[in-house]
Amino acid sequence: AGVKEDSFNVMDLAEYTKNRPWWRKVFAPSSGSSTEKYNVATQLVIGGVTGWCTGFIFQKVGKLAATAVGGGFFLLQIANHTGYIKVDWKLVERDVNKAKQQLKFHSSGNKMSPEVKSRVDEVIIFLKKNVILTGGFAGGFLLGMAS
């Protein structure tokens, strides 16, 4: 019996992007304005589709995470009630109070570290330059969350 070997083509992504100018336009690392590259309709479609996909995935992952956390908490309560585990509630209360104090401390200062501030500024500049794309993404994200 003859054994047929499957052959796979290996694609070098770097070579592929060199030969495809549209690929470089879409995924260029520059954070410049997309208005130079695309018309309004294209920006809305790109933003809407990526937003919808992100919202849909976010919704599914959010439900899964909520189920996992809720189920885990439920199992811990059952294990605690039946005596399989013992919870040191004083330690839990102390840690919760410590976390509350840290949250109050960080929110009262209202100062960001320079690294965070520079990243926030970069994001704001990008959003201002790409308002239409961002608007399409936001709309698509909300539709994706609703579906």
Side-chain angles (χ1 to χ4, degrees), residues 4-81 84-85 87-89 91-147:
K4 184 180 177 184
E5 289 188 28
D6 290 331
S7 63
F8 296 98
N9 291 331
V10 178
M11 182 175 74
D12 184 9
L13 196 56
E15 287 299 317
Y16 185 73
T17 57
K18 286 179 189 172
N19 298 330
R20 303 288 189 266
W22 63 270
W23 183 274
R24 281 183 282 163
K25 270 174 68 173
V26 172
F27 297 105
S30 69
S31 63
S33 174
S34 62
T35 56
E36 301 161 357
K37 301 176 192 173
Y38 304 108
N39 62 20
V40 173
T42 306
Q43 290 180 56
L44 282 174
V45 168
I46 291 172
V49 169
T50 56
W52 183 85
C53 292
T54 304
F56 187 76
I57 291 170
F58 191 82
Q59 177 199 29
K60 296 298 179 188
V61 169
K63 284 182 181 178
L64 180 67
T67 303
V69 169
F73 183 72
F74 182 70
L75 288 174
L76 281 174
Q77 289 297 328
I78 290 174
N80 182 39
H81 183 70
Y84 283 106
I85 61 171
V87 177
D88 186 357
W89 290 111
L91 181 63
V92 170
E93 184 179 356
R94 190 183 76 207
D95 289 345
V96 167
N97 287 335
K98 190 186 300 182
K100 282 182 187 177
Q101 291 300 324
Q102 287 179 350
L103 283 174
K104 284 180 185 176
F105 174 74
H106 288 301
S107 64
S108 65
N110 204 15
K111 290 187 177 182
M112 288 188 271
S113 67
E115 299 87 21
V116 173
K117 185 162 176 32
S118 68
R119 289 292 178 193
V120 168
D121 290 342
E122 283 179 30
V123 169
I124 290 172
I125 289 168
F126 177 80
L127 294 178
K128 284 180 181 177
K129 285 184 177 181
N130 300 291
V131 172
I132 297 170
L133 187 70
T134 304
F137 180 85
F141 182 79
L142 293 175
L143 285 174
M145 288 291 289
S147 58

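Just so you know, residue 1 is the first one in the sequence shown, and it goes up from there.
Here the closest non-hydrogen pair linking Q43 and L133 is O-CD1, 3.3 Å. Scanning all heavy atoms of the two residues, the minimum distance from M145 to Q59 falls at O-NE2, 3.1 Å. Of all heavy-atom pairs spanning T54 and T50, the tightest one is OG1-O, 2.7 Å.
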Ignoring hydrogens and angles, write down the donor-acceptor pairs under 3.5 Å from the side chains of residues 68-81, residues two or more places apart or on other chains.
none

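A ring-ring contact (aromatic ring centres under 6.0 Å, His included) with F141 is found for exactly one of W52, F56, F58, namely F58.
From D95, atom CG reaches atom CD of E93 across 10.5 Å, with rounding to the nearest 0.5 Å. Here the CD1 atom belonging to I132 is positioned 11.5 Å from the CD1 atom belonging to I46, to the nearest 0.5 angstrom.
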